[in-house]
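Working notes for the structure below.
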Amino acid sequence: MKKGNLFVYSGPSGVGKGTILDKIMEEDSNVYRSVSATTRSPRPGEINGVHYYFMTEEEFYDSVGKNEFLEYVKTYNTSYGTLKKDVEDKLSEGKDVFLEIDVKGALNLKSAGVKAVYIFVAPVDISILRERLIGRGTETLEKIEERLSISSWELSKAKEYDYLLINDELDKACDELKTIIKASRLLIRNFDLSKYKW
Ligand code: 5GP
């Protein structure tokens, strides 16, 4: 079976990247969002194994020791990591696998030479992020300010990615993401060229 594509998908907190991907996944059952591991506590409504694998520091660093992560970072005093097994299993099933990860993790993958389609989601104006984070109501004001200062650094790294999605209109951003997914299925590295009579 043809392997799926790997997508590295980042953007600052509150930009709406999760919402765009949720919409895509409703329409395209071949798209899979990898479930990361984290040491932070679940927010109301978050389910272990669905939104994240919630781990203690000890469990997390035990997995690090066993080389079970494709990448991991420590940020906001919390560790986050992408589990190799989750990604590899789904790619070999032919799924298009999205890693919704922070910029540090994405750049680590890129410099390690991991072949993926790197997508950055950005707002038109950074002030929109503050409004969205306050509206979401899941973080204290102090945490929001901390996230915003990281966001401005993250935005400065957008140029390291392959594609830019400006989320000023949800439907437009979703259409653009669908186009990227479609085009990625035609990447020459995904073809078995020996099949053709050339
Ligand atoms: P949150 O705590 O809001 O769920 O996520 C905080 C940040 O961690 C987000 O930017 C999210 O994309 C990032 N993140 C989530 N999982 C991973 C992961 O496995 N690796 C990396 N590098 N970042 C992650």
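Values below: every heavy atom of this structure, side chains too, minus hydrogens, waters and symmetry copies. Indexing begins at 1, ligand by ligand and atom by atom, following the structure's order.
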Which pairs of donor and acceptor atoms, one on a side chain in residues 99-106, lie under 3.5 Å apart (sequence neighbours left out)?
residue : atom : partner : partner atom : Å
Glu100  : OE1  : Arg33   : NE           : 2.9
Glu100  : OE1  : Arg33   : NH2          : 3.3
Asp102  : OD1  : Gly105  : N            : 2.9

Between Phe60 and Phe69 (judged by ring centroids, cut-off 6.0 Å), do the two rings come close enough to count as a pair? yes
Determine, using ring centers only, whether Tyr9 and Phe7 are less than 6.0 Å apart. no
For Ser184 and Asn5, which I'm curious about, is there any donor-acceptor pair between the side chains at under 3.5 Å? no
By chain and number, the residues contacting ligand 1 below 4.0 angstrom (heavy atoms only) are Ser36, Arg40, Arg43, Tyr52, Glu71, Val73, Tyr76, Tyr80, Gly81, Thr82, Glu100, Ile101, Asp102, Gly105, Arg147
Would you call Asp89 and Lys95 a salt bridge, taking side-chain N to carboxylate O under 4.0 Å as the test? no
Rounded to the nearest 0.5 angstrom, the NZ-CG distance for Lys115 and Leu187 is 10.5 Å
